[in-house]
Visitor: 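Pasting a structure below so you can have a look.
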Amino acid sequence: MAEKGKVAKASASVRWRKRLRFMRTRARELRMITKALISTKHPVLVHIIPMRRCNLDCGYCNEYDDVSKPVPLEEMKCRLDLLADMGTSIITISGGEPLMHPELEEVIRHIRKRGMIAGMITNGFLLSKERIRSLNDAGLEHLQISIDNVTPDEVSKKSLKTLDSRLEWLAEYAVFQVNINSVLGSGVKNPDDALTIAHRAVALGFTSTVGIIHDHNGQLKPLDDEQIKIFEEIMILGKRSYSRFNDFQHNVARAKEHTWRCRSGSRYLYICEDGLVHWCSQQRGYPGIPLAQYTPEMRHHEYLTDKFCGPRCTVSCVQQIAILDNWRDPQTKKPMPMPPPPVSGDLVQIGTGRNTN
């Protein structure tokens with residue numbers, strides 16, 4: 001790990017490009033918010049999976065395998081075109097590990113070509129100076145890395161020790177925005193690690209957020225007093241993050257049920273590697289409809305559907321999108337009575353109560 005206080009310095013050219021991309025992205029985000037407040041008929045955020053395979057096998061993760069092939073580029077472009085035609089504002093590429101996709105930069109370029117904001121969630125292990133420059137050129141606007149501990153253990157190798165050199169490269173070469181997510185909660189051996197990670201992220205010029213890990217039953221478990229103190233300090237450090245605009249994470253930290261209107265299946269979509277639409281990564285299997293067959297009427301139904309898993313949900317990105325609509329359109333419908341088509345992999349079926357981040 002880097003020496004304490006050591007901070008990578010970006011060149012004047014990188015700093016200028018970063019400021020320019022930041023301003024352009026912020027302007028597009030403001031247009032996105034305005035559009036979302038005016039109309040509820042389009043998705044705001046879509047998570048799309050180009051690669052289910054991952055180079056790691058973190059003990060808590062249910063979103064990867066070690067055999068899947070990448071989704072072909074032309075199929076990815078087709079799916080992105082369908083989403084763009086729906087009016088989608090933001091595409092976040094996830095996985096698995098998206099950096100394993102051999103044509104990832106072309107996927108990003110197509111997102112930008114279709115006028116959508118391009119983000120990505122990665123474990124960061126496959127980043128290099130050359131790859132960061134390639135992502136710059138492709139037009140990536142947001143990147144998030146979740147770091148679980150300071151030193152690797154038997155549960156997770158996503159540690160500050162193993163990733164700090166990549167973080168320095170990002171600080172030195174990336175012109176896109178970088179967020180570092182640390183974790184607290186069940187199974188975390190050293191809560192102070194989250195604070196160390198958050199301080200390192202801010203020192204490098206990144207934003208910082210914190211996630212709450214569920215217990216072994218996939219349910220919320222309140223943080224203890226020490227963890228709450230750490231959580232609150234990280235939230236203050238993350239004041240530049242959108243997470244500051246709601247109390248969702250504060251409820252999760254205290255295992256409080258929260259009242260909100262989940263708009264998954266409508267304003268938020270999760271598109272798996274098979275091209276099927278799901279509520280989110282933790283409720284895969286419903287509605288399980290191919291994206292090409294997912295009609296505006298279906299999206300409207302899900303917009304008005306009361307989600308049974310909402311009160312104890314820990315999926316913060318879905319809740320943040322819901323802020324745009326929590327004040328309007330009460331949800332009175334129930335999930336559509338349709339069996340999902342078979343999909344590959346070990347999927348989490350709706351109704352299991354597994355509802356994690």
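This structure is a prediction, so every number in the text was calculated from the model and none was measured.
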Visitor: Given side chains that start at C-beta, do those of Arg263 and Asp329 come closer than 4.5 Å, heavy atoms only?
Guide: yes
Visitor: Are the charged groups of Lys229 and Glu226 less than 4.0 angstrom apart, N to O?
Guide: no
Visitor: Should we say atom CG of Asp225 is surrounded by more than 12 heavy atoms from elsewhere, each under 6.0 Å from it?
Guide: no
Visitor: So does Val150 get a backbone contact from the side chain of Asp193, meaning a donor-acceptor N/O pair under 3.5 Å?
Guide: yes
Visitor: Should the heavy atoms of other residues, nucleotides or ligands under 6.0 Å from NZ of Lys77 be counted, would the total exceed 12?
Guide: yes
Visitor: Quick check on the hydrophobic clustering: are Leu30 and Leu45 connected, directly or via other members, by side-chain heavy-atom contacts under 4.5 Å?
Guide: no
Visitor: With sequence neighbours excluded, tell me which residues meet ring-ring contact (aromatic ring centres under 6.0 Å, His included) with His110.
Guide: none
Visitor: Check whether any side-chain heavy atom of Leu204 sits under 4.5 Å from a side-chain heavy atom of Ile180, and report yes or no.
Guide: no
Visitor: Show me the donor-acceptor pairs, under 3.5 Å and distance only, between side chains in residues 85-92 and residues at least two apart or in other chains.
Guide:
residue: Asp85; atom: OD1; partner: Arg114; partner atom: NH2; Å: 3.0
residue: Thr88; atom: OG1; partner: Leu83; partner atom: O; Å: 2.8

Visitor: How about NE2 on His300, more than 12 heavy atoms from neighbouring residues, nucleotides or ligands closer than 6.0 Å, or not?
Guide: no
Visitor: Using side chain to side chain contact (heavy atoms under 4.5 Å, CB included) as the criterion, list what pairs up with Glu172, not counting sequence neighbours.
Guide: Ala8
Visitor: Check whether any side-chain heavy atom of Arg200 sits under 4.5 Å from a side-chain heavy atom of Ser208, and report yes or no.
Guide: no
Visitor: Glu141 pairs by salt bridge (Lys or Arg N to Asp or Glu O under 4.0 Å) with which of Lys18, Arg112, Arg24, Arg26?
Guide: Arg112
Visitor: Hey, does Ser264 have a side-chain heavy atom less than 4.5 Å from the side chain of Tyr270?
Guide: no
Visitor: So does Glu105 pair up with Arg133, basic N to acidic O under 4.0 Å?
Guide: no
Visitor: Side chain of Gln331, backbone of Cys262: donor and acceptor closer than 3.5 Å?
Guide: yes
Visitor: What's in the same ILVMFWY side-chain cluster as Val14, cut-off under 4.5 Å, chained through other members?
Guide: Val175
Visitor: Under the salt bridge (Lys or Arg N to Asp or Glu O under 4.0 Å) rule, what do Glu103 and Arg109 come out as? Steps first, then yes or no, please.
Guide: CA-CA 10 Å; Glu103 297 178 288; Arg109 286 189 178 90; over 6 Å; no
Visitor: For a side chain to side chain contact (heavy atoms under 4.5 Å, CB included) check, start with the C-alpha distance between Ile111 and Met76, then their side-chain angles and the critical distance, and finish with the verdict.
Guide: CA-CA 10 Å; Ile111 293 170; Met76 283 299 300; over 6 Å; no
Visitor: Report yes if some heavy atom in the side chain of Gln283 is under 4.5 Å from a heavy atom in the side chain of Cys309; otherwise report no.
Guide: yes
Visitor: May I ask you to decide whether Asp137 forms a salt bridge with Arg17, counting only side-chain N to carboxylate O separations under 4.0 Å?
Guide: yes
Visitor: Quick check against the 3.5 Å criterion: does His101 have a side-chain atom that pairs as donor or acceptor with the backbone of Val71?
Guide: yes
Visitor: As an exercise, state the distance from CG of Leu163 to CG of Leu127, rounded to the nearest 0.5 Å.
Guide: 8.5 Å
Visitor: Transitive ILVMFWY cluster of Tyr303 at side-chain heavy atoms under 4.5 Å: who else is in it?
Guide: Leu304
Visitor: Are the charged groups of Arg79 and Glu75 less than 4.0 angstrom apart, N to O?
Guide: yes
Visitor: Does the side chain of Ile145 reach to within under 4.5 Å of the side chain of Lys158, using non-hydrogen atoms?
Guide: no
Visitor: Quick check: is Ile121 connected to Val46 through a chain of hydrophobic side chains (ILVMFWY, heavy atoms under 4.5 Å apart)?
Guide: no
Visitor: Report the residues that fulfil ring-ring contact (aromatic ring centres under 6.0 Å, His included) with Phe176, sequence neighbours left out, ordered by chain and then residue number.
Guide: none
Visitor: Are Phe22 and Arg19 side-chain neighbours, meaning at least one heavy-atom pair lies under 4.5 Å?
Guide: no
Visitor: Do Met116 and Tyr294 share a hydrophobic cluster (ILVMFWY, side-chain heavy atoms under 4.5 Å, transitive)?
Guide: yes
Visitor: Do the side chain of Arg15 and the main chain of Ala10 share a donor and acceptor less than 3.5 angstrom apart?
Guide: yes
Visitor: Between Thr25 and His142, is any pair of side-chain heavy atoms under 4.5 Å apart?
Guide: yes
Visitor: Do NZ/NE/NH1/NH2 and the carboxylate oxygens of Glu302 and Arg299 come within less than 4.0 Å?
Guide: no
Visitor: Look at the aromatic rings of Trp279 and Tyr286 and report parallel, tilted or perpendicular, splitting at 30° and 60°.
Guide: perpendicular
Visitor: What I want to check is whether the side chains of Glu97 and Thr122 have a donor and an acceptor closer together than 3.5 Å.
Guide: yes
Visitor: Using only atom types and a distance under 3.5 Å, with no angle test, would you say the side chain of Arg21 pairs donor to acceptor with the backbone of Leu140?
Guide: yes
Visitor: Are the side chain of Asp325 and the backbone N or O of Arg261 linked by a donor-acceptor pair below 3.5 Å?
Guide: no
